[in-house]
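Step one of this worksheet: look at the structure below.
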Amino acid sequence: MADTKGLRINEQIRVREVRLIDDEGEQNGIMPTVEALKLAKERELDLVEVSPTANPPVCKILNYGKYRFEQEKRLRDSRKNQKALKIKEIRMQPKIGSGDLDTKAKHVQEFLDEGDKVKVTIRFRGRELAHTELGYDVLNEVLKRLVENSFVVEKPAAMEGRFMSMTLNAKAK
């Protein structure tokens with residue numbers, strides 16, 4: 001629908017002459033707009049300006065309602081085929097236990113297998129900020145527990161205020 005909003009139809013076309021394409025898709029050449037409108041009315045169709053920037057503008061004789069429907073349908077279909085990129089986030093602390101780390105790593109692996117991006121974040125509280133190296137150790141331990149060659153480190157571990165995070169992306173299959 002976004003493509004059809006700017007189109008002028010029938011009496012909205014205010015130029016003197018247009019290049020006409022009839023309802024069978026054949027070129028009728030350059031003719032006055034009034035004549036083109038008469039041809040469209042005779043066939044009980046609309047005169048639609050499909051290329052307003054051309055000199056003279058290109059107009060087509062067609063059923064405007066059907067044309068708009070087709071455009072919207074094309075737009076819907078193109079949206080259907082797009083894959084929405086999801087970023088999943090796994091949060092933990094630097095003093096995480098081994099069993100919890102296994103569970104978190106398993107969740108990260110599941111997200112990567114589904115094709116999602118994963119942001120692994122470690123939150124530092126209070127005095128933990130003095131020992132950021134513990135955060136690096138935890139993130140490296142997460143990487144060790146993931147299946148080899150199933151991911152790409154998109155953004156390596158880095159501090160962002162009280163958080164340390166890294167971003168992983170699934171490897172293309």
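Quantities reported herein were computed from a predicted structural model and do not represent experimental measurements.
Under a hydrophobic clustering in which Ile, Leu, Val, Met, Phe, Trp and Tyr are joined whenever their side-chain heavy atoms come within less than 4.5 Å, directly or via other members, L129 and M166 fall into the same cluster. Side-chain heavy atoms closer than 4.5 Å link hydrophobic residues (I, L, V, M, F, W, Y) into clusters, and following such links, even through other members, never connects I87 to M92. Tracing side-chain contacts under 4.5 Å through hydrophobic residues (I, L, V, M, F, W, Y), one reaches I122 starting from M159; they form part of the same cluster.
In terms of the side chain to side chain contact (heavy atoms under 4.5 Å, CB included) criterion, residue partners of D77 (sequence neighbours excluded) are, by chain and number, K73, K80. F151 meets the side chain to side chain contact (heavy atoms under 4.5 Å, CB included) test with L112, L143, L146, V153, L168; sequence neighbours excluded. A158 pairs by the side chain to side chain contact (heavy atoms under 4.5 Å, CB included) definition with nothing, not counting sequence neighbours. For E89, the salt bridge (Lys or Arg N to Asp or Glu O under 4.0 Å) partners are R91, not counting sequence neighbours. For the side chain to side chain contact (heavy atoms under 4.5 Å, CB included) test, residues two or more places apart in sequence or in another chain that qualify with L134 are P94, H131, D137.
Hydrophobic clustering, defined by side-chain heavy atoms of Ile, Leu, Val, Met, Phe, Trp and Tyr closer than 4.5 Å, groups L37 together with I13, V15, V18, L20, M31, L39, L45, L47, I61. Cluster note: F163 groups with no other residue, as no ILVMFWY side-chain heavy atom lies under 4.5 Å from it.
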Practice problem: Take R68 and K66, measure what side chain to side chain contact (heavy atoms under 4.5 Å, CB included) needs, and give me the verdict at the end. | Solution: CA-CA 6 Å; R68 261 190 48 198; K66 185 177 179 182; over 6 Å; no

Quiz item: side chain to side chain contact (heavy atoms under 4.5 Å, CB included) between I90 and K119: does it pass, once the steps are laid out?
Solution: CA-CA 6 Å; I90 299 286; K119 182 177 182 180; over 6 Å; no

Quiz prompt | Evaluation steps, side chain to side chain contact (heavy atoms under 4.5 Å, CB included), between Y67 and L7 | solution = CA-CA 11 Å; Y67 177 73; L7 297 179; 3.5 Å; yes

Self-check item: Working for side chain to side chain contact (heavy atoms under 4.5 Å, CB included), residues M164 and T132
Solution: CA-CA 8 Å; M164 177 182 289; T132 55; 4.1 Å; yes

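Screening residues 29-42 for salt bridge (Lys or Arg N to Asp or Glu O under 4.0 Å), with sequence neighbours left out, gives E11-K41. Residue pairs meeting the side chain to side chain donor-acceptor pair (under 3.5 Å) criterion with at least one partner in residues 13-33, sequence neighbours excluded, are D23-R43. Sorted by first and then second residue, the salt bridge (Lys or Arg N to Asp or Glu O under 4.0 Å) pairs with a member in residues 93-106 read K95-E128, D102-R145; sequence neighbours excluded. Applying the side chain to side chain donor-acceptor pair (under 3.5 Å) rule to pairs touching residues 147-166 yields Q109-S150, K117-E154, E154-N169, K155-E160, E160-S165, sequence neighbours excluded.
In this structure, V118 and T167 have side chains that are not in contact, with every pair of non-hydrogen atoms separated by 4.5 Å or more.
Between atom SG of residue C59 and atom CD1 of residue I30 there is a gap of 11.5 Å, rounded to the nearest 0.5 Å. Atom-to-atom distance recorded for S51:OG and K60:NZ is 11.0 Å, nearest 0.5 angstrom.
For Q71 and R74, the side-chain atoms include at least one donor-acceptor pair closer than 3.5 Å.
Applying the 6.0 Å contact sphere to CD of E44 captures no more than 12 heavy atoms from other residues, nucleotides or ligands. The number of heavy-atom neighbours closer than 6.0 Å to CZ of R76, taken from other residues, nucleotides and ligands shown, is above 12.
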